[in-house]
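Working notes, structure below.
Since the structure is predicted, the reported quantities are computational estimates derived from the model, not experimental observations.
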Amino acid sequence: MDAAAQEAERAAGAVGRRREAAAAGHTGDAAKARSYLHDDDPTVRSSALRALQRSGDLAARQLEDALDDPAAVARMTALELAAYRADIAAAAAASLLADDDHRVVEAAAWACGEKVSASGDASAGSTGARKSETAEVVEALVRVARSHTDALCRESAIAALGAISDPAGLPAILAGLDDRPEVRRRAVIALAPFDGPEVDAALLRASTDRDKQVRTAAAELRGV
C-alpha cells in the first residue's frame with residue numbers, strides 16, 4: 001500500500017472513531033467516550049471530550065489535561081468546555097493566552113471573558129483570592145490586547161476585557177480604538193460597561209471614525 005492509500009485509510013478510520021465517540025455522548029456511554037480520550041487523532045479526542053461533557057462524565061482533571069493537549073484543535077475544544085465549568089479556574093484558561101497558536105489564544109481570551117464575567121469575579125463582593133485571580137487574568141488579556149500580532153486575538157482580548165469590565169482593562173480597550181477597523185468596532189462595544197470623562201471623550205472621537213460601523217456603534221452608546 002502506497003503512502004497516499006495509507007493516509008486515506010488513516011483518515012477514514014479517524015472519521016469512524018470520531019463518529020463513535022460523538023454517538024457515545026448521545027447514548028450516555030461514558031466508557032466508550034473515555035476510550036477515545038487518548039486517540040492518535042486530535043479530532044477524535046475532541047469528540048470524546050464533548051461526548052463526556054454531554055453525558056455529564058467529564059472530570060475536571062480530564063479537562064485540565066486536555067488544555068495541555070499537543071494539538072491546537074483539542075486545546076480549543078477544552079477551552080470551549082472549560083468556559084462554563086466552575087471547577088476549572090479562570091487562570092487555567094488564561095495560561096493559554098500565551099499559546100503559540102493564534103486560534104488557541106483567541107479561544108482562550110473568549111473563555112476568560114465568559115468565566116470571569118459569569119462568576120462575577122470582578123465585583124466588589126468577590127473574595128481576595130478570586131480578585132487576585134481576576135487581576136492576573138485581566139493582566140494577561142491586556143498583554144494580548146496591546147501587543148499580539150494577530151488582530152483576531154487582540155479583538156477577542158478586548159471583548160473579554162469589556163465583558164469582565166474591570167477598570168484595569170480600560171486603558172487597553174481605549175488603545176484598541178487606534179487599531180484596525182474590526183478591533184476598533186469591538187473596542188467601542190467593550191466600552192459599554194464603563195463611564196467617565198475619558199470614556200465619553202473616546203466615544204465622541206469614535207463617532208467620527210472613518211469606519212461606518214465604528215461610528216454607528218459609538219453613536220448608539222452615546223444615545224445620539
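Legend: ring pair (Phe, Tyr, Trp, His ring centres under 6.0 Å) pairs involving residues 37-59, not counting sequence neighbours: none detected. Annotation: ring pair (Phe, Tyr, Trp, His ring centres under 6.0 Å) contacts involving residues 136-194, sequence neighbours excluded, are absent. Legend: salt bridge (Lys or Arg N to Asp or Glu O under 4.0 Å) pairs involving residues 23-32, not counting sequence neighbours: none detected. The ring pair (Phe, Tyr, Trp, His ring centres under 6.0 Å) analysis of residues 42-80, with sequence neighbours excluded, yields no pairs.
Here the CD1 atom belonging to Ile173 is positioned 10.5 Å from the CZ atom belonging to Arg146, to the nearest 0.5 angstrom. To the nearest 0.5 Å, atoms CG (Asp179) and CD1 (Ile158) are separated by 6.0 Å. Distance check: Leu174 CG to Leu191 CG gives 5.5 Å after rounding to the nearest 0.5 Å. Ile88 CD1 to Glu64 CD: the interatomic distance, rounded to the nearest 0.5 Å, is 4.5 Å. Taken to the nearest 0.5 Å, the CG atom of Leu170 stands 10.5 Å off from the OG atom of Ser165. From Glu136, atom CD reaches atom SG of Cys112 across 11.5 Å, with rounding to the nearest 0.5 Å.
When hydrophobic residues (I, L, V, M, F, W, Y) are linked wherever their side-chain heavy atoms come within less than 4.5 Å, the members clustered with Val44 are Tyr36. If you chain together ILVMFWY residues whose side-chain heavy atoms come under 4.5 Å of each other, Trp110 ends up grouped with Tyr84.
No donor-acceptor distance shorter than 3.5 angstrom exists from the side chain of Glu133 to the backbone of Ala89, with no hydrogens or angles considered. Lys115 places a side-chain N or O within 3.5 Å of a backbone atom of Ala82 that can act as its donor or acceptor partner. Looking at Ser95, its side chain does come within 3.5 Å of a backbone N or O of Ala92 through a donor-acceptor pair. With hydrogens and angles ignored, the 3.5 Å screen pairs a side-chain donor or acceptor of Arg215 with a backbone N or O of Arg210. A donor-acceptor contact shorter than 3.5 Å links the side chain of Ser156 to the backbone of Glu106. With hydrogens and angles ignored, the 3.5 Å screen pairs a side-chain donor or acceptor of Arg75 with a backbone N or O of Pro70.
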Quick one: do Glu182 and Arg186 satisfy salt bridge (Lys or Arg N to Asp or Glu O under 4.0 Å)? Show the steps, please.
CA-CA 6 Å; Glu182 60 270 28; Arg186 181 61 64 182; over 6 Å; no
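Residues Leu97 and Val183 are members of one and the same hydrophobic cluster, defined by side-chain heavy-atom contacts under 4.5 angstrom among Ile, Leu, Val, Met, Phe, Trp and Tyr. Residue Val105 is not grouped with residue Leu79 when hydrophobic side chains (ILVMFWY) are merged at heavy-atom distances under 4.5 angstrom, including chains of intermediate members. Placement of Val142 and Val199 within a single hydrophobic cluster is found when ILVMFWY residues are connected by side-chain heavy-atom separations under 4.5 Å, directly or transitively.
Qualifying side chain to side chain contact (heavy atoms under 4.5 Å, CB included) partners for Arg34, counting only residues two or more places apart in sequence or in other chains: Ala30, Ala31, Leu37, Leu52, Asp57, Gln62. Applying the side chain to side chain contact (heavy atoms under 4.5 Å, CB included) test to Gln53 and every residue at least two apart in sequence or in another chain returns Leu58, Leu81, Arg85. For Asp211, the salt bridge (charged side-chain N to carboxylate O under 4.0 Å, His left out) test picks out Arg185, with sequence neighbours left out. Applying the side chain to side chain contact (heavy atoms under 4.5 Å, CB included) rule to Asp65 yields the partners Arg61; only residues at least two apart in sequence or on another chain are considered. Residues satisfying the side chain to side chain contact (heavy atoms under 4.5 Å, CB included) criterion with Ala78, sequence neighbours excluded, are Leu63, Ala66, Leu67.
No donor-acceptor contact under 3.5 angstrom links the side chains of Arg18 and Ser47, judged on distance only.
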Listing, residues 216-224 side-chain donor-acceptor contacts under 3.5 Å, not counting sequence neighbours, or none:
from, atom 1, to, atom 2, distance (Å)
Thr216, OG1, Lys212, O, 3.0

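Taking every heavy atom of both residues into account, Ala157 and Ala145 meet most closely at CB-N, 3.7 Å. Shortest non-hydrogen contact noted between Asp87 and Ala60 is OD2-CB, 3.5 Å. Residues Met76 and Ala107 come closest through the heavy atom pair CG-CB, 4.4 Å. Smallest separation of non-hydrogen atoms from Gly169 and Val138: N-CG1, 4.0 Å. The shortest heavy-atom contact between Ala163 and Ser117 is O-CB, 3.4 Å. The minimum heavy-atom distance between Leu49 and Ala74, with the atom names listed, is CD1-O, 4.3 Å.
Remark: Asp39 engages Arg17 in a salt bridge, criterion side-chain N to carboxylate O under 4.0 Å. Residues Arg205 and Asp178 are paired through a salt bridge, judged by an N-O separation under 4.0 Å between the basic side chain and the carboxylate.
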